[in-house]
Amino acid sequence: MPASRVTIDSIAAGGDGVARADGFVVFVPRTAPGDVAEVEWSAKGRFGRGRVLSLEIASPVRVEPPCAHYVRDNCGGCQLQHMSYAAQLDAKGAIVRDALERIGKRSAAALTVRPSADEWRYRRKLTMALRRRGERWIAGLHPYDAPHEAFELRDCPITERPVLAAWSEVMAASDDLPRAPELRGAVRLGDFGISFILEGGTRWPRAQRFLESAPSLGALWWVREGAREPELVAQRDPAVAAAGASRDAAGSSKDSLRRGSPVANGDENVPGASFEQINARVALEMKEYVIERVLAHAPRTLVDGYSGAGDLAVSLSNAGVRVVAIELDGAAAARCGALLPPESRSIAARVEDALPSVLPSDVVVLNPPRRGVDERVTTELQERASATRAIVYVSCNPATLARDLARLPRWRIASLICFDMFPQTAHVETVCELIPEAA
């Protein structure tokens with residue numbers, strides 16, 4: 001592999017530094033804009049992948065990463081710990097701006113990035129690989145340069161301490177886990193307590209004993225080998241679990257914008273296994289901003305696409321808007337429907353299937369997963385531009401947001417703001433407000 005002296009120009013989506021060598025764009029992990037380094041690299045198509053052999057001139061935005069795993073084990077959970085927080089925000093804004101201008105063919109000059117109040121200890125869920133090492137289990141994360149390996153985790157500075165304490169209990173009780181060469185587990189601090197979600201294995205005969213040995217846990221969820229959905233296999237007294245959550249998560253928000261249900265089986269006291277926002281304080285800020293932008297258009301009707309368990313839909317219904325919420329997750333859609341007033345409703349369906357039947361609507365909110373929206377959604381909104389006042393699109397992937405904006409030429413960007421939901425990583429949430437070109 002060739003070695004070149006390069007200067008890092010910027011940060012790419014995913015967190016690698018971007019340099020140029022011998023006519024190739026070379027992506028170099030763990031570098032910062034302004035670094036000058038000797039880099040060993042290899043070409044892959046039109047691009048190259050490199051690693052730093054020696055750092056010759058350190059960027060002024062470089063800082064010492066506080067996490068030992070980041071340096072010693074090349075932990076892949078974070079990508080930007082070696083950069084100052086201000087530089088991280090600049091990089092994330094540049095990632096979104098580049099995607100919108102290059103892929104979406106839209107100007108993003110007015111984009112702003114709102115920082116997180118907590119740069120550390122904000123993460124409410126920690127997922128780790130469980131591997132057998134002799135007669136014991138270890139729980140760890142994957143090195144960014146060896147994703148099939150796992151190192152034993154001692155601390156994760158971006159994760160809340162109650163989550164780490166619960167993981168310690170999990171490992172103390174690990175003799176009661178299913179017998180399997182590998183498992184995957186997640187501890188999640190939710191609104192009704194701390195839950196443990198386990199993936200893998202075919203039998204878990206000691207699940208109840210495992211729960212009894214981990215006093216912080218309120219419920220165990222299990223995705224057994226070959227299954228797609230988690231099942232509740234053991235549960236502590238819901239009142240005890242809820243009281244524990246109140247102590248551990250004092251001051252955290254019960255609001256979430258993302259998809260997925262925080263409850264299951266109709267029991268609101270059972271911590272669920274579906275997706276919730278990881279950074280509660282930023283999630284609340286983002287929800288309040290979305291509500292503000294929606295209400296600025298004085299809507300009488302609204303479609304909430306990818307509505308999850310209905311937190312946003314219920315808030316807007318309580319503000320006097322008639323809402324149709326659409327969510328594929330049946331349990332989440334049912335919870336949403338139970339909480340909505342009679343004039344609003346919840347539909348369990350794919351957004352692309354249900355949207356034509358519920359339009360026109362004054363405002364449409366879209367909050368899709370990372371893959372963005374189906375092309376049928378953008379086609380339908382293109383055709384309805386004259387009858388819709390605004391689209392508020394919440395995105396966790398700048399590339400798919402940009403692609404979907406390219407499919408909406410009849411709409412222009414009215415406002416664009418990023419929320420730093422995930423400090424120390426390259427991930428960012430973006431809220432894009434669109435209005436018809438004729439408006």
Side-chain angles (χ1 to χ4, degrees), residues 100 103-108 110 257 259 286-308 310-328 333 336-337 339-369 371-395 397 400-417 430-439:
L100 265 58
I103 302 171
K105 309 304 180 187
R106 302 295 186 104
S107 170
L257 266 177
R259 56 204 175 275
M286 189 168 69
K287 176 186 172 181
E288 290 174 343
Y289 177 78
V290 169
I291 290 173
E292 172 196 312
R293 296 323 308 150
V294 167
L295 296 181
H297 299 278
R300 293 170 299 169
T301 59
L302 177 135
V303 172
D304 184 6
Y306 316 91
S307 56
D311 291 319
L312 181 68
V314 171
S315 295
L316 288 167
S317 292
N318 291 339
V321 183
R322 189 167 71 251
V323 175
V324 178
I326 308 173
E327 169 58 46
L328 182 60
C336 177
L339 295 174
L340 287 172
E343 61 270 17
S344 296
R345 60 192 173 110
S346 175
I347 301 173
R350 297 183 185 278
V351 172
E352 56 268 27
D353 294 335
L355 189 61
S357 66
V358 298
L359 291 178
S361 180
D362 292 335
V363 175
V364 175
V365 173
L366 301 173
N367 188 15
R371 63 180 178 272
V373 305
D374 188 278
E375 191 170 4
R376 286 175 287 171
V377 173
T378 49
T379 298
E380 191 70 29
L381 292 172
Q382 269 288 93
E383 295 175 355
R384 304 279 190 155
S386 61
T388 306
R389 299 176 191 174
I391 301 168
V392 180
Y393 190 135
V394 183
S395 169
N397 186 338
T400 55
L401 170 62
R403 179 206 65 199
D404 293 339
L405 292 183
R407 295 171 175 171
L408 293 166
R410 294 181 184 173
W411 296 83
R412 62 181 173 87
I413 296 175
S415 66
L416 188 64
I417 185 169
T430 306
V431 179
C432 181
E433 178 189 10
L434 299 164
I435 58 176
E437 275 289 1

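We number each residue from 1, following the sequence as shown. For the numbers below, each heavy atom of this structure counts, side chains included, while hydrogens, waters and symmetry mates do not.
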Could you tabulate the donor-acceptor pairs under 3.5 Å formed by side-chain atoms of residues 342-351, not counting sequence neighbours?
unit_1: S344; atom_1: OG; unit_2: S317; atom_2: OG; d: 3.1
unit_1: S344; atom_1: OG; unit_2: V323; atom_2: N; d: 2.9
unit_1: S346; atom_1: OG; unit_2: A333; atom_2: O; d: 2.8

So do T388 and P436 actually touch side chain to side chain, heavy atoms under 4.5 Å? no

Heavy-atom side-chain proximity of V324 to S361 below 4.5 angstrom: no

What pair of heavy atoms forms the shortest contact from Y306 to L366, and how long is it? CE1-CD2, 4.1 Å

Test V363 against L316 for side chain to side chain contact (heavy atoms under 4.5 Å, CB included), laying out the working first. CA-CA 11 Å; V363 175; L316 288 167; over 6 Å; no

Return all side-chain donor-acceptor pairs below 3.5 angstrom for residues 375-382, not counting sequence neighbours, or 'none' if the list is empty.
unit_1: R376; atom_1: NE; unit_2: D374; atom_2: OD1; d: 3.1
unit_1: R376; atom_1: NH1; unit_2: D353; atom_2: OD1; d: 3.2
unit_1: T378; atom_1: OG1; unit_2: E375; atom_2: O; d: 2.9
unit_1: T379; atom_1: OG1; unit_2: E375; atom_2: O; d: 3.0
unit_1: E380; atom_1: OE2; unit_2: R384; atom_2: NE; d: 3.1
unit_1: E380; atom_1: OE2; unit_2: R384; atom_2: NH2; d: 3.4
unit_1: Q382; atom_1: OE1; unit_2: R410; atom_2: N; d: 2.9

Can you find a heavy atom in the side chain of V294 that is under 4.5 Å from one in the side chain of V321? no

What's the verdict on side chain to side chain contact (heavy atoms under 4.5 Å, CB included) for L312 and S307, showing C-alpha distance, side-chain angles and the deciding distance? CA-CA 7 Å; L312 181 68; S307 56; over 6 Å; no

Excluding sequence neighbours, so at least two apart, what forms side chain to side chain contact (heavy atoms under 4.5 Å, CB included) with S107? A109

For R300, the side chain to side chain contact (heavy atoms under 4.5 Å, CB included) test, sequence neighbours excluded, returns D362, R389

Report the residues that fulfil side chain to side chain donor-acceptor pair (under 3.5 Å) with S415, sequence neighbours left out, ordered by chain and then residue number. Y289, E433

Steps toward side chain to side chain contact (heavy atoms under 4.5 Å, CB included) verdict (I417, T430): CA-CA 6 Å; I417 185 169; T430 306; over 6 Å; no

Non-hydrogen side-chain atoms of L302 and V364 separated by less than 4.5 Å: no

Within a strict 4.5 Å, meaning less than it, do heavy atoms of the L416 and L100 side chains meet? yes

Quick one: are C336 and E327 in side-chain contact, heavy atoms under 4.5 Å? no

By side chain to side chain donor-acceptor pair (under 3.5 Å) - contacts of R403 (at least two apart): none

